[in-house]
Student: 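Would you mind keeping the following structure in view while I ask a few things?
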Amino acid sequence: MEFQNEEELLYKARKAEGMKFHEIDLTGRLNNPNSKGHLGQIIEESFFGYEVNSKAEADFIELGIELKVTPVKELKNGQLSAKERLVLNIIDFHKEVQKSFEESSFWKKNESLLLMFYKWIPDVPRGEYQILKSHLHRFSEADLQIIRNDWSIIVSKINAGQAHLISEGDTAYLGACTKGANRNSLRTQPFNDLPAMQRAYSLKNSYMTTLARKVITNEHLVSIADAIELQEKSIGQLLSDRFKPYQGKALNWIARELGIYLNTKSKSFLQIFVSALLGVKGTSLEDIEEFSKANINFKTVRLEPNGLPREHMSFRNIDFFEWVDEDWASSWLRSHFEETKYLFVVFEYRETKTENPNRKLYFKGVSLWNMPMEEIEGRLKDFWLQVEGILKEGVVLNKTKRGVANNLPGPRSNGLCHVRPKGRDGDDHTPLPDGQSIAKQAFWIDRTYIGEILKEV
DNA sequence: GCATGATCATGC
DNA sequence: GCATGATCATGC
């Protein structure tokens with residue numbers, strides 16, 4: 001079927017809204033177990049009636065529009081979320097470095113995307129999935145500035161001979177995710193003899209989630225930067241600049257200046273502080289567009305006069321059954337640190353607690369950080385494997401004077417991260433795969449490592 | 001002084 | 001009720 005213009009195409013695409021895949025499939029692809037997951041092909045073939053292809057040109061060539069069929073899911077709290085990142089075209093490391101953004105394979109193929117969102121439901125046959133929304137997506141100017149910057153980051157890594165070290169965490173909206181049957185899907189790279197994992201451009205899960213919520217459930221977010229500002233600065237630079245006027249100032253001075261009440265003990269302290277400094281007082285941080293799309297999380301850090309935090313930094317509690325069920329490549333830990341950026345909001349004490357129990361807190365600055373790939377595939381991986389081994393062999397629990405000791409890797413065991421308890425009390429237990437029960441444990445990053453990252457702030 | 005196990009406070 | 005961000009407290 002040929003479409004004369006995009007209105008015609010969109011009119012047709014919208015007719016799919018509300019339909020289930022078994023109502024669309026005319027060629028029996030749904031029942032073919034070898035045609036795994038290719039719901040997009042059913043749409044191409046049975047709904048739009050054109051031959052399935054994998055050409056470099058866009059799917060609707062005449063219109064320069066690329067078709068993408070992509071799942072969303074419902075979270076436990078009822079909110080809509082992208083089920084996965086949107087995987088775009090494969091990157092040819094050799095060719096891409098010779099191009100400008102405008103000539104890039106990314107832009108050539110994905111400038112206009114016809115997105116068809118369908119709802120994925122666990123344990124339901126694929127034919128029952130329903131198309132929720134057809135949407136013609138064009139990048140806003142502000143998004144485009146960030147994506148240009150992301151594209152340059154990816155290309156400069158290839159130029160630096162580091163195609164094998166690319167990580168999704170390096171960029172904000174546009175990622176370069178691994179794509180291939182397995183870890184042996186390797187390709188050569190132009191400036192290094194080391195082979196690199198095959199990679200494709202992708203729009204990050206967080207970007208797709210934000211987009212789905214906007215398009216499907218009309219949720220609106222607050223933006224902190226416009227296209228003009230983003231033309232000159234990355235999000236990281238922009239944030240440092242916004243926070244700069246307050247650097248080195250005492251917290252109570254800042255609070256007075258901004259007309260906010262800050263109780264450092266309160267859990268909403270960080271929200272209030274950051275949103276006030278960014279000029280969007282009262283907005284919760286997850287409702288800030290740029291943070292939501294780039295999957296930026298927040299952590300407060302309080303440095304002691306020696307430049308180290310007093311405490312290690314805790315993350316989510318560990319589900320030990322999940323740990324042994326997954327393998328490293330698909331583990332929560334790996335994906336989390338590959339896909340998440342952290343904005344550390346750093347404060348410092350200038351006196352020790354013994355010198356002055358009522359010491360003041362000063363704002364030191366912010367730092368946008370993601371765990372480098374070398375670290376993820378190095379110490380983090382070793383740690384993950386070590387824990388997996390202990391869980392499979394059985395955890396050794398020993399009652400001591402101070403509670404129950406275990407043989408999971410503790411602080412300083414690798415300089416990066418460790419396992420430590422985090423629960424209501426010592427009786428707040430969780431089951432282990434070996435049948436025992438242990439006080440709830442969390443994943444922690446060592447304070448020395450945090451201190452190291454924040455040295456330059 | 002720090003590792004290490006334990007616990008608090010808050011918000012959903 | 002529980003996860004999460006944060007902090008306490010003590011023995012080595």
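We name chains A, B, ... by the order of the sequence lines, and we start the count at 1 in each one.
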Student: Could you state the CG-C1' distance from A:Leu270 to C:dG5, rounded to the nearest angstrom?
Tutor: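 Interatomic distance, CG of A:Leu270 to C1' of C:dG5: 10 Å.
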Student: For A:Thr400 and A:Leu308, find the nucleotide of DNA chain B closest to each by heavy atoms; which residue's nucleotide sits nearer the 5' end?
Tutor: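 Per heavy-atom nearest nucleotide, the more 5' residue is A:Leu308.
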Student: I want to confirm an ordering. Mapping A:Glu311 and A:Lys299 to their closest nucleotides on DNA chain C, which one lands closer to the 5' end?
Tutor: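 Looking at DNA chain C, the more 5' nearest nucleotide goes with A:Lys299.
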Student: Check step by step if side-chain contact (heavy atoms from CB on, under 4.5 Å) holds for A:Leu239 and A:Phe291.
Tutor: CA-CA 11 Å; A:Leu239 288 171; A:Phe291 296 157; 3.8 Å; yes
Student: Base, sugar-phosphate or nothing for A:His418? Non-hydrogen atoms, less than 4.0 Å.
Tutor: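 Counting heavy atoms under 4.0 Å across all strands, no contact is made by A:His418.
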Student: Can I get a per-line list of side-chain donor-acceptor pairs under 3.5 Å for residues 388-399 of chain A, giving both atom names and the distance, sequence neighbours left out?
Tutor:
| unit_1 | atom_1 | unit_2 | atom_2 | d |
| --- | --- | --- | --- | --- |
| A:Glu388 | OE2 | A:Lys392 | NZ | 3.2 |

Student: I need the CE-C1' distance between A:Met313 and B:dT4, as an integer number of Å.
Tutor: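 Taking atom C1' of B:dT4 as the reference, CE of A:Met313 is at 19 Å.
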Student: So, is A:Arg316 near the phosphate of C:dT4, with a side-chain N or O under 4.0 Å from OP1 or OP2?
Tutor: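 No, because none of the side-chain N or O atoms of A:Arg316 sits under 4.0 Å from OP1 or OP2 of C:dT4.
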Student: Got a list of protein N/O to nucleotides 6-8 of chain B N/O distances below 3.5 Å?
Tutor:
| unit_1 | atom_1 | unit_2 | atom_2 | d |
| --- | --- | --- | --- | --- |
| B:dA6 | OP1 | A:Val404 | N | 3.4 |
| B:dT7 | OP2 | A:Gly426 | N | 2.7 |
| B:dT7 | O4 | A:Gly423 | N | 3.4 |
| B:dC8 | N4 | A:Gly423 | O | 3.3 |

Student: Between B:dG1 atom C1' and A:His312 atom NE2, what is the distance in whole Å?
Tutor: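 Atom NE2 in A:His312 sits about 12 Å away from atom C1' in B:dG1.
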Student: Quickly work out the A:His429 NE2 to C:dG1 C1' distance and round it to whole Å.
Tutor: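 Rounded to the whole Å, the gap is 17 Å.
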Student: Atom pairs, N/O to N/O, protein against nucleotides 10-12 of chain B, distance under 3.5 Å?
Tutor:
| unit_1 | atom_1 | unit_2 | atom_2 | d |
| --- | --- | --- | --- | --- |
| B:dT10 | O2 | A:Lys267 | NZ | 3.0 |

Student: Please set out all donor-acceptor pairs under 3.5 angstrom arising from side-chain atoms of residues 362-372 of chain A, sequence neighbours excluded.
Tutor:
| unit_1 | atom_1 | unit_2 | atom_2 | d |
| --- | --- | --- | --- | --- |
| A:Lys364 | NZ | A:Val457 | O | 3.3 |
| A:Asn370 | ND2 | A:Gly169 | O | 3.3 |

Student: Give A:Ala442 one of three labels, base, sugar-phosphate or nothing, depending on what nucleic acid heavy atoms sit under 4.0 Å from its own.
Tutor: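 The residue A:Ala442 makes no contact with any strand.
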Student: Name all residues meeting the ring-ring contact (aromatic ring centres under 6.0 Å, His included) criterion together with A:Trp253; count only those two or more places apart in sequence or in a different chain, and write none if there are none.
Tutor: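 Applying ring-ring contact (aromatic ring centres under 6.0 Å, His included) to A:Trp253 gives none.
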Student: For residues 206-226 of chain A, which residue pairs qualify under ring pair (Phe, Tyr, Trp, His ring centres under 6.0 Å), counting only residues two or more places apart or in two chains?
Tutor: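 Only A:Tyr173-A:Tyr207 qualify under ring pair (Phe, Tyr, Trp, His ring centres under 6.0 Å).
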Student: Test side-chain contact (heavy atoms from CB on, under 4.5 Å) on A:Glu348 and A:Leu454; report intermediate values, then the result.
Tutor: CA-CA 11 Å; A:Glu348 65 176 345; A:Leu454 299 176; over 6 Å; no
Student: Under the rule for side-chain hydrogen bond (donor to acceptor under 3.5 Å, both in side chains), what residues qualify as partners of A:Asn205, not counting sequence neighbours?
Tutor: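 In terms of side-chain hydrogen bond (donor to acceptor under 3.5 Å, both in side chains), with neighbours along the sequence ignored, A:Asn205 is linked to A:Thr209.
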Student: Can you list, by residue number, the residues of residues 339-352 of chain A that have a non-hydrogen atom closer than 4.0 angstrom to DNA chain B?
Tutor: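 Nucleic-acid contacts, sorted: none.
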Student: Tell me, which pairs form a salt bridge (charged side-chain N to carboxylate O under 4.0 Å, His left out) where one or both residues lie in residues 207-228 of chain A, sequence neighbours left out?
Tutor: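 Qualifying pairs, neighbours excluded: none.
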Student: Test of understanding: with side-chain hydrogen bond (donor to acceptor under 3.5 Å, both in side chains), list the residues that count as partners of A:Gln145, not counting sequence neighbours.
Tutor: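 If we apply the side-chain hydrogen bond (donor to acceptor under 3.5 Å, both in side chains) test to A:Gln145, skipping adjacent residues, there are no hits.
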Student: Are more than 12 heavy atoms, taken from residues, nucleotides or ligands other than A:Ile228, located less than 6.0 Å from that residue's CD1 atom?
Tutor: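 Not more than 12 within 6.0 Å, no.
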Student: Using atom CZ of A:Phe269 as one end and atom C1' of C:dG5 as the other, report the distance to the nearest whole Å.
Tutor: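 After rounding, the gap between these two atoms is 13 Å.
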Student: Distance check needed: C:dG5 C1' versus A:Leu285 CG, whole Å only.
Tutor: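 About 14 Å, once rounded to whole Å.
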Student: Could I get the full list of ring-ring contact (aromatic ring centres under 6.0 Å, His included) partners for A:Phe21, not counting sequence neighbours?
Tutor: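 In terms of ring-ring contact (aromatic ring centres under 6.0 Å, His included), with neighbours along the sequence ignored, A:Phe21 is linked to A:Tyr118.
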Student: Atom CG of A:Asn297 to atom C1' of C:dG5: distance rounded to whole Å?
Tutor: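 Computing the A:Asn297:CG to C:dG5:C1' distance gives 12 Å.
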Student: Which whole-number value in Å describes the distance from A:Gln441 CD to B:dG5 P?
Tutor: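 After rounding, the gap between these two atoms is 8 Å.
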Student: According to the side-chain hydrogen bond (donor to acceptor under 3.5 Å, both in side chains) rule, which pairs have a member within residues 446-457 of chain A, sequence neighbours left out?
Tutor: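 Of all non-adjacent pairs touching residues 446-457 of chain A, those that pass side-chain hydrogen bond (donor to acceptor under 3.5 Å, both in side chains) are A:Glu375-A:Tyr449, A:His418-A:Asp446, A:Glu452-A:Lys455.
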